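First up is the structure itself, then whatever we jot down about it.
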Amino acid sequence: MKSLAPSFYDAAWELARQIPVGKVASYGQIATWLGSPRASRAVGYAMFNVQNDDVPWHRVINAKGEISIGGALHRPELQRELLEAEGVHFNTNGRIDWRLYGWSGPRRLRRL
DNA sequence: AAAGTGACGCATT
DNA sequence: TAATGCGCCACTT
């Protein structure tokens, strides 16, 4: 289960909610925008633990532009489908073009 | 309180 | 350019 007190996760989720449809952000970017440039892994954890339906966890991918999860438990195919349904297309290497789909980030960084 | 976990990222090879 | 190694952080047990 999860703690009910505000946490890094909550901040990550809130930021993820701001990613526009058809755009994506990397775990590292989220971490940076949250003020913890090295917490990319923790962001991944946050996305894995998303429970609220309004959090577009699928719009968060790794810095290489690919879906960085594997295994039946995580269902990488689902994430890819959700993105393609929004118009985010993958090249033959299974990567997206940051120039086309990368989100420039929140206009204003949220306070911690 | 210490050790373990993992949807990452980057320097190095 | 791709593969490998290691540090990183927030959270759980």
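Any value given below was found using the heavy atoms of this structure, including those in side chains, with hydrogens, waters and symmetry copies removed. On a predicted model such as this, the values are computed, not experimentally measured, just so you know.
Think of A:Y101 as one node in a network of Ile, Leu, Val, Met, Phe, Trp and Tyr side chains linked at under 4.5 Å; its network also takes in A:V24, A:I61, A:I67, A:I69, A:L83, A:V88, A:F90, A:I96, A:W98, A:L100.
When the P atom of B:dG4 is taken as reference, atom OH of A:Y45 falls 14 Å away, rounded to whole Å. To the nearest angstrom, C1' of C:dC9 lies 7 Å from CZ of A:F8. When the P atom of C:dC8 is taken as reference, atom CD1 of A:I30 falls 22 Å away, rounded to whole Å. Whole-Å rounding puts the A:D10 CG to C:dA10 C1' distance at 12 Å.
Taken together through direct or relayed side-chain contacts under 4.5 Å among Ile, Leu, Val, Met, Phe, Trp and Tyr, A:F8 and A:F48 form parts of separate hydrophobic clusters.
Shown here for A:A25 and A:I30, the closest heavy-atom pair between the two residues is CB-CD1, 4.1 Å.
Between the side chain of A:W13 and the backbone N or O of A:A46 there is at least one donor-acceptor pair closer than 3.5 Å.
Counting non-hydrogen atoms of neighbouring residues, nucleotides and ligands closer than 6.0 angstrom, the CZ atom of A:R17 exceeds 12 such neighbours.
One finds a side-chain N or O of A:S36 lying less than 4.0 angstrom from the OP1 or OP2 phosphate oxygen of C:dA10.
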Scoring nucleotides 8-13 of chain B by protein non-hydrogen atoms under 4.0 Å (B base, S sugar-phosphate only, - none) yields BS----
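Within the structure, salt bridge (charged side-chain N to carboxylate O under 4.0 Å, His left out) pairs that include any residue of residues 55-69 of chain A comprise A:R59-A:E86, A:K64-A:E66, A:E66-A:R95 (at least two apart or interchain).
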